[in-house]
Number of protein chains: 2
Amino acid sequence: MKAWQETQLQALQSIQCAHQLFQTILSFSKELGFDHCAYGLRMPLPLTNPKTLMFNNYPTAWQAQYQAKNYLAIDPTVQHAMRSLLPIIWTDDLFSPASDLWEEACSFGLRVGWAQSSRDFNGFVGMLTLARSNEPITEIELDANKFKMAWLTQVAHLGMSRCLTPKLMQEVNVTLSNREIEVLRWTADGKTSSEISCILNIAERTVNFHINNVVTKLNAANKTSATIKAAMLGLL
Amino acid sequence: MKAWQETQLQALQSIQCAHQLFQTILSFSKELGFDHCAYGLRMPLPLTNPKTLMFNNYPTAWQAQYQAKNYLAIDPTVQHAMRSLLPIIWTDDLFSPASDLWEEACSFGLRVGWAQSSRDFNGFVGMLTLARSNEPITEIELDANKFKMAWLTQVAHLGMSRCLTPKLMQEVNVTLSNREIEVLRWTADGKTSSEISCILNIAERTVNFHINNVVTKLNAANKTSATIKAAMLGLL
DNA sequence: GTCGATAGTGTCAAATCTGACAGACTTACG
DNA sequence: CGTAAGTCTGTCAGATTTGACACTATCGAC
């Protein structure tokens, strides 16, 4: 347990394969007393259909069930994780809006769990879940381990997003010029092209030129979409 | 040091005044061996001029200097914090692009420091800095305390943003109807009103009606600005 | 049973954006 | 000295958005 931090940081920095990284995370979660571990990464875009990648060592049948019934959309732990950075512990109360899910999870031996999320500057949200079948999480255990659990959440996110982001979201690799950023920021703040042309002392045509370049670079359908993409991915 | 976690969480949940909360954070930072502490909170909007709130117990003269020379805009620790969730330690290298700032900080007895940021679901970025005048941060110290420092970053952010967000950014209090969210998501993904009307099987006029309501609610100048605001504040 | 929030629809003129035509100037880099 | 990237500018037609006019209907709360 001494080598925790070094090993983690090494893994974080060196491992290039997400599956391999997950195995490392899993081994840490076992050291913390949890047989099961799940890591999910949700991309910020598109807003109408944000993709989520999942890694876990849950029973295969439960994984299939979860997928088939689209439990991701109603899982209360996920909903919490999308709104708050605070850790959350599985309770009957928490799962009351999704009793089916809860009962089935229990039937697969997933009765005790803890989850926390994190969000990076590209807008990616990562969620780490640690779970086991029995042995409720005690106050004492929590006090002893919550620092490490929170840390693991961070480390897992940093590693996972480093591995996955560039492939999943080409747009994060795009670089915008200073002028493009400037114009796009004003656009995001609700200025029209002609207003921006006054602010920056250039022709309206030039403003539209820059905007059009960004639209092309980000593969967007129009100005609004381009602005959203750039802002959500932290390009502005 | 035993009561760390309880006290922190209590403070986090109960204290309503940001200054009072900062005093609590400061006391923890002292327990961790740092005389000085700074907490900054940056709001996500407006993009052309994002406001930042600062709390710290630095020498008054240094605070004035920092403000007067607008060091916030070039501070390498801030720039790092805006791009990465990883903690960072003050080094000569780090400050080489801002040697003036670094020399002046040293002259005020701020030579050793550590900083980490976090980002919440409203897009607010918080940054915690722990500093002292001498005694370099050793590997051993870091290994012993980095979990707690990361934790404190989180706790500070949760408390501070709870205190400050509702006042600073009225828009976070706005609630959008389901239909408004739906329409706005499609808008963010680059669909035109007429396209959305097809997708949702309603009249184009109705789409514009919903969009206009959101524009009004969020006090935005137009569709693009409203969409950005909603997306950045996690309303979508 | 009225009130408020939500959802839906119509028309029309002016403002704004989009796309496609094409070209010029500067700066950094090799 | 050429080349690439970034910045800047022009015109014009057609699509889209915006703002202001009104109106109907449902649903839950008081």
Side-chain angles (χ1 to χ4, degrees), chain A residues 46-48 97 170-233 235-236, chain B residues 46-48 97 170-233 235-236:
Chain A
L47 279 161
T48 45
Q170 305 299 356
E171 286 91 339
V172 299
N173 306 317
V174 170
T175 56
L176 302 181
S177 75
N178 291 332
R179 208 50 159 171
E180 283 163 354
I181 290 173
E182 210 171 6
V183 168
L184 223 56
R185 280 182 180 158
W186 285 112
T187 302
D189 285 348
K191 304 296 179 194
T192 66
S193 295
S194 97
E195 286 171 328
I196 298 172
S197 75
C198 294
I199 294 168
L200 300 180
N201 270 309
I202 53 180
E204 183 177 346
R205 174 69 186 85
T206 308
V207 175
N208 289 325
F209 168 79
H210 289 303
I211 291 174
N212 183 59
N213 283 342
V214 179
V215 168
T216 307
K217 279 187 184 178
L218 292 178
N219 214 325
N222 56 35
K223 184 176 170 161
T224 301
S225 169
T227 311
I228 283 281
K229 279 193 179 186
M232 295 292 274
L233 296 176
L235 268 33
L236 298 191
Chain B
L47 279 161
T48 46
Q170 251 67 14
E171 287 91 340
V172 299
N173 306 318
V174 170
T175 55
L176 302 181
S177 74
N178 291 332
R179 207 49 159 173
E180 283 164 354
I181 291 173
E182 210 171 8
V183 168
L184 223 57
R185 281 184 180 157
W186 285 112
T187 302
D189 284 348
K191 303 296 179 194
T192 65
S193 295
S194 97
E195 286 170 329
I196 298 173
S197 75
C198 293
I199 294 168
L200 301 180
N201 270 308
I202 53 180
E204 183 178 345
R205 175 66 187 86
T206 308
V207 174
N208 289 325
F209 167 78
H210 289 303
I211 291 174
N212 183 58
N213 284 341
V214 178
V215 168
T216 307
K217 279 187 184 178
L218 292 178
N219 215 325
N222 56 35
K223 184 175 170 163
T224 301
S225 169
T227 312
I228 284 279
K229 279 192 177 185
M232 296 292 275
L233 297 176
L235 268 33
L236 298 191

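Only heavy atoms go into these numbers, but all of them, side chains included; no hydrogens, no water, no symmetry mates. So that the names make sense, note that chain A is the first sequence line, chain B the second, and so on, each numbered from 1.
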Q.
Looking at every non-hydrogen atom in both residues, tell me the closest pair between A:A221 and A:V215 and how far apart they are.
A. C-CG1, 4.4 Å
**Q.** Residue pairs involving residues 206-219 of chain A (criterion salt bridge (charged side-chain N to carboxylate O under 4.0 Å, His left out); sequence neighbours excluded)
**A.** A:E180-A:K217
Q.
Please encode protein proximity along nucleotides 25-30 of chain C as a string of B, S and -, counting only heavy-atom distances under 4.0 Å.
A. ------
Show which side-chain atoms of residues 222-229 of chain B pair as donor or acceptor with protein atoms under 3.5 Å away, not counting sequence neighbours.
{"from": "B:N222", "atom 1": "OD1", "to": "B:T224", "atom 2": "N", "distance (Å)": "3.2"}
{"from": "B:N222", "atom 1": "OD1", "to": "B:S225", "atom 2": "N", "distance (Å)": "2.9"}
{"from": "B:N222", "atom 1": "ND2", "to": "A:G190", "atom 2": "O", "distance (Å)": "3.1"}
{"from": "B:T224", "atom 1": "OG1", "to": "A:T224", "atom 2": "OG1", "distance (Å)": "2.9"}
{"from": "B:T227", "atom 1": "OG1", "to": "B:K223", "atom 2": "O", "distance (Å)": "2.7"}
{"from": "B:K229", "atom 1": "NZ", "to": "B:E171", "atom 2": "OE2", "distance (Å)": "2.8"}
{"from": "B:K229", "atom 1": "NZ", "to": "B:L218", "atom 2": "O", "distance (Å)": "3.0"}
{"from": "B:K229", "atom 1": "NZ", "to": "B:N219", "atom 2": "O", "distance (Å)": "3.4"}

**Q.** Value in whole Å for how far the P atom of C:dT18 lies from NE2 of A:H210
**A.** 16 Å
Q. Does the side chain to side chain contact (heavy atoms under 4.5 Å, CB included) test come out yes or no for A:I181 and A:L235, once each step is laid out?
A. CA-CA 8 Å; A:I181 290 173; A:L235 268 33; over 6 Å; no
Q. Would you say a side-chain N or O of B:T206 is under 4.0 Å from OP1 or OP2 of C:dA7?
A. no
(Q) Can you pull out the residues from residues 170-189 of chain A that lie within a 4.0 Å heavy-atom distance of DNA chain D? (A) A:S177, A:N178, A:R179
Q | Salt bridge A:E182-A:R179, side-chain N to carboxylate O under 4.0 Å | A | yes
Q) Just how far is it from atom CG of A:L184 to atom CG of A:N213, taken to the nearest 0.5 Å? A) 11.0 Å
Q) Can you tell me how far the OG1 atom of A:T187 sits from the CD1 atom of A:I211, to the nearest 0.5 Å? A) 4.0 Å
Q) CG of A:D189 to CD of A:E195: how many Å apart, nearest 0.5 Å? A) 11.0 Å
Q: Kindly compute the distance separating CG (A:L236) from CG (B:L47), expressed to the nearest 0.5 Å.
A: 5.5 Å
Q. Between B:N201 (CG) and C:dA7 (P), how many Å, whole number?
A. 16 Å
(Q) With side-chain hydrogen bond (donor to acceptor under 3.5 Å, both in side chains) as the rule and sequence neighbours excluded, what pairs involving residues 197-212 of chain B come up? (A) B:S193-B:N208
Q | d(CG, A:L200; P, D:dT9) in whole Å | A | 10 Å
Q. Can you give one letter per nucleotide of nucleotides 16-30 of chain D, 5' to 3': B if a protein heavy atom sits under 4.0 Å from the base, S if only from the sugar-phosphate, - if neither?
A. SSB-BBB--------
